[in-house]
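One structure is given here, and the rest of the page talks about it.
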Amino acid sequence: MNRKKLQKLTDTLTKNCKHFNKFEVNCLINLFYNLVGEVTERQGITIGLDRNAFRNILHMTFGMTDDMIMDRVFRGFDKDNDGYVNISEWIYGLSVFLRGTLEEKMKYCFEVFDLNGDGFISKEEMFHMLKNSLLKQPSEEDPDEGIKDLVEITLKKMDHDHDGKLSFTDYEQAVREETLLLEAFGPCLPDPKSHMEFEAQVFKDPNEFNDI
């Protein structure tokens with residue numbers, strides 16, 4: 001991409017993205033093009049990270065291991081559902097993923113957990129996600145029973161209007177009372193260590209090395 005075009009892209013994305021400054025947006029654009037570099041030539045159409053490339057980043061960089069959650073995070077980034085995370089989806093997605101306010105993170109996590117997109121997290125959805133994220137104990141006769149119990153406990157704690165499922169209002173109220181419930185159904189945000197390492201690696205100031 002030529003410099004002028006890059007400059008324009010950086011300006012536009014910086015203007016619309018409240019959590020990164022211009023330097024950081026520039027670093028993330030460079031990283032994006034490094035990541036899709038080899039792919040672009042082959043496809044010649046959509047410039048973006050496909051599901052596999054994106055999951056690879058989630059796994060290698062942010063230590064995510066749950067297939068279902070990684071799939072949902074990909075969908076959370078891929079706003080237009082075209083099967084690719086394009087440059088602006090990448091920047092806006094990372095903005096919430098890394099530095100979002102509690103409000104933004106709640107909205108994002110709820111979307112990840114609402115598997116069928118109907119605006120509620122049902123018992124079935126909780127069961128699926130918890131089943132994936134809990135380690136199975138070999139001694140247990142029926143591990144599903146333990147998960148069902150956990151679903152009931154979670155509902156008791158979070159389902160404020162007692163309708164047997166979680167609306168965003170239920171979820172928001174529970175998280176405001178107890179922030180740890182933000183990722184109640186699986187780790188869909190980076191842990192502090194990988195978050196810091198990612199930023200330290202990507203947001204390197206080239207001028208730092210000139211003084212040495």
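Nothing here was measured: the structure is a model prediction, and the numbers come from that model. Atom set for the values below is all heavy atoms of this structure, side chains included, hydrogens, waters and symmetry mates excluded.
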**Request:** Check whether any side-chain N or O of Glu111 sits under 3.5 Å from a backbone N or O of Arg72 as a donor-acceptor pair, and report yes or no.
**Result:** no
**Message:** So Lys15 and Asp11, do their side chains get closer than 4.5 Å, heavy atoms only?
**Reply:** no
**Asked** Is the closest basic N to carboxylate O distance between Arg51 and Asp78 below 4.0 Å?
**Response** no
**Request:** Give the intermediate values and the outcome of side-chain contact (heavy atoms from CB on, under 4.5 Å) for residues Ile29 and Tyr33.
**Result:** CA-CA 6 Å; Ile29 290 174; Tyr33 282 110; 3.7 Å; yes
**Item:** Glu199 bridged to Arg99 by N-O distance under 4.0 Å
**Value:** yes
**Fill in**
Closest heavy-atom pair, Pro187 versus Ile69, reported as atoms and distance to 0.1 Å, is O-CG2, 3.4 Å
**Item:** CA sep, side-chain torsions, deciding dist, call: Phe97, Phe77, ring-ring contact (aromatic ring centres under 6.0 Å, His included)
**Value:** CA-CA 9 Å; Phe97 193 67; Phe77 271 69; 5.7 Å; yes
**Request:** Verify, without hydrogens or angle tests, whether Glu89 (side chain) and Lys79 (backbone) share a donor-acceptor contact under 3.5 angstrom.
**Result:** yes
**Prompt:** Do His59 side-chain atoms and Thr65 backbone N/O form a donor-acceptor pair below 3.5 Å?
**Reply:** no
**Message:** Could you check whether any side-chain heavy atom of Ser122 comes within less than 4.5 Å of a side-chain heavy atom of Phe127, counting everything from C-beta outward?
**Reply:** no
**Asked** Any salt bridge between Glu183 and Lys105, counting N to O under 4.0 Å?
**Response** no
**Prompt:** NZ of Lys4 to NZ of Lys8: how many Å apart, nearest 0.5 Å?
**Reply:** 9.0 Å
**Message:** Please report the interatomic distance CG(Leu166) to OG1(Thr154), rounded to the nearest 0.5 Å.
**Reply:** 8.5 Å
**Prompt:** Any link between Phe203 and Met196 through a network of hydrophobic side chains (Ile, Leu, Val, Met, Phe, Trp, Tyr) touching at under 4.5 Å?
**Reply:** no
**Message:** For Leu31, is there any backbone N or O sitting under 3.5 Å from a side-chain donor or acceptor partner on Trp90?
**Reply:** no
**Message:** Any non-hydrogen side-chain atom of Leu94 less than 4.5 Å from a side-chain atom of Phe20?
**Reply:** yes
**Side chain proximity check, Leu115 to Met68, heavy atoms < 4.5 angstrom** = yes
**Complete:** Looking only at heavy atoms, the pair that brings Cys188 and Val112 closest together is CB-CG1, 3.9 Å
**Message:** I'd like to know if Phe198 and Met64 are part of one continuous hydrophobic network [Ile/Leu/Val/Met/Phe/Trp/Tyr, side-chain heavy atoms within less than 4.5 Å].
**Reply:** yes
**ILVMFWY cluster, Leu98 and Leu35 together (side-chain gap under 4.5 Å)** = yes
**Asked** Any ion pair linking Glu124 and Lys131 (charged N to carboxylate O, less than 4.0 Å)?
**Response** no
**Request:** Could you walk me through whether Lys165 and Asp170 pass salt bridge (charged side-chain N to carboxylate O under 4.0 Å, His left out), step by step?
**Result:** CA-CA 9 Å; Lys165 55 188 177 184; Asp170 289 331; over 6 Å; no
**Prompt:** Any side-chain heavy atom of His19 sitting closer than 4.5 Å to one from Thr101?
**Reply:** yes
**Message:** Within this structure, what is the CG-OG1 distance for the pair Asn26 and Thr10, rounded to the nearest 0.5 Å?
**Reply:** 4.0 Å
**Prompt:** Which pair of heavy atoms, one from Gly119 and one from Phe110, lies closest together, and at what distance?
**Reply:** O-CZ, 3.4 Å
**Item:** Linked, directly or transitively: Met126 and Phe120 (ILVMFWY side chains, under 4.5 Å)
**Value:** no
**Message:** Could you go through Gln7 and Lys22, starting from their C-alpha distance and side-chain angles, then the distance that decides it, and tell me whether this counts as side-chain contact (heavy atoms from CB on, under 4.5 Å)?
**Reply:** CA-CA 10 Å; Gln7 189 67 46; Lys22 199 168 181 175; 3.4 Å; yes
**Asked** Can a salt bridge be assigned to the pair Lys148 and Glu152 using a cut-off of 4.0 Å between side-chain N and carboxylate O?
**Response** no
**Prompt:** Is a side-chain N or O of Tyr171 found less than 3.5 angstrom from the main chain of Leu182, in a donor-acceptor match?
**Reply:** yes
**Request:** Check whether any side-chain N or O of Thr61 sits under 3.5 Å from a backbone N or O of Leu58 as a donor-acceptor pair, and report yes or no.
**Result:** no
**Item:** side-chain contact (heavy atoms from CB on, under 4.5 Å) assessment of Asp67 paired with Arg55
**Value:** CA-CA 8 Å; Asp67 284 337; Arg55 280 172 55 135; 2.7 Å; yes
**Request:** Examine Val202 and Tyr92 and state if one hydrophobic cluster contains both, with Ile, Leu, Val, Met, Phe, Trp and Tyr joined whenever side-chain heavy atoms are less than 4.5 Å apart.
**Result:** yes
**Asked** Of the non-hydrogen atoms in Asp161 and Ser167, which two are nearest, and what is the gap between them?
**Response** OD2-OG, 4.5 Å
**Item:** Inter-residue atom distance Asn52.CG - Met70.CE, 0.5 Å rounding
**Value:** 10.0 Å
**Nearest-0.5 Å distance, CG of residue Asp66 to CG of residue Asp71** = 10.0 Å
**Request:** May I ask you to test the Val73-Tyr108 pair for a side-chain heavy-atom distance under 4.5 Å?
**Result:** yes
**Item:** Audit row: Ile121, Phe168, side-chain contact (heavy atoms from CB on, under 4.5 Å) steps and yes/no
**Value:** CA-CA 8 Å; Ile121 303 171; Phe168 182 68; over 6 Å; no
**Request:** Flag the pair Glu103 and Arg176 as a salt bridge only when some basic side-chain nitrogen lies within less than 4.0 angstrom of an acidic carboxylate oxygen.
**Result:** yes
**Prompt:** Any side-chain heavy-atom pair from Leu189 and Phe62 closer than 4.5 angstrom?
**Reply:** no
**Item:** Passing candidate, side-chain hydrogen bond (donor to acceptor under 3.5 Å, both in side chains) with Glu197, options Gln201, Lys193, His195
**Value:** Lys193
**Item:** Gap between atom NZ of Lys5 and atom CG of Leu9 - 0.5 Å precision
**Value:** 9.0 Å
**Item:** Heavy-atom closest contact (Ile91 atom, Cys17 atom, distance)
**Value:** CG2-SG, 4.0 Å
**Prompt:** Would you say Asp149's side chain and Ile153's backbone share a donor-acceptor pair under 3.5 angstrom?
**Reply:** no
**Asked** Are any side-chain N or O atoms of Gln173 and backbone N or O atoms of Met158, one a donor and one an acceptor, separated by less than 3.5 Å?
**Response** no
**Asked** Where the side chain of Asp159 meets the backbone of Gly164, is there a donor-acceptor pair that is under 3.5 Å apart?
**Response** yes
**Request:** Check for a donor-acceptor pair, side chain of Ser194 on one end and backbone N or O of Pro190 on the other, with a separation under 3.5 Å.
**Result:** no
**Asked** Should the pair Phe185 and Phe113 be assigned to parallel (<30°), tilted (30 to 60°) or perpendicular (>60°) ring geometry?
**Response** perpendicular
**Prompt:** Given side chains that start at C-beta, do those of Leu49 and Phe74 come closer than 4.5 Å, heavy atoms only?
**Reply:** no
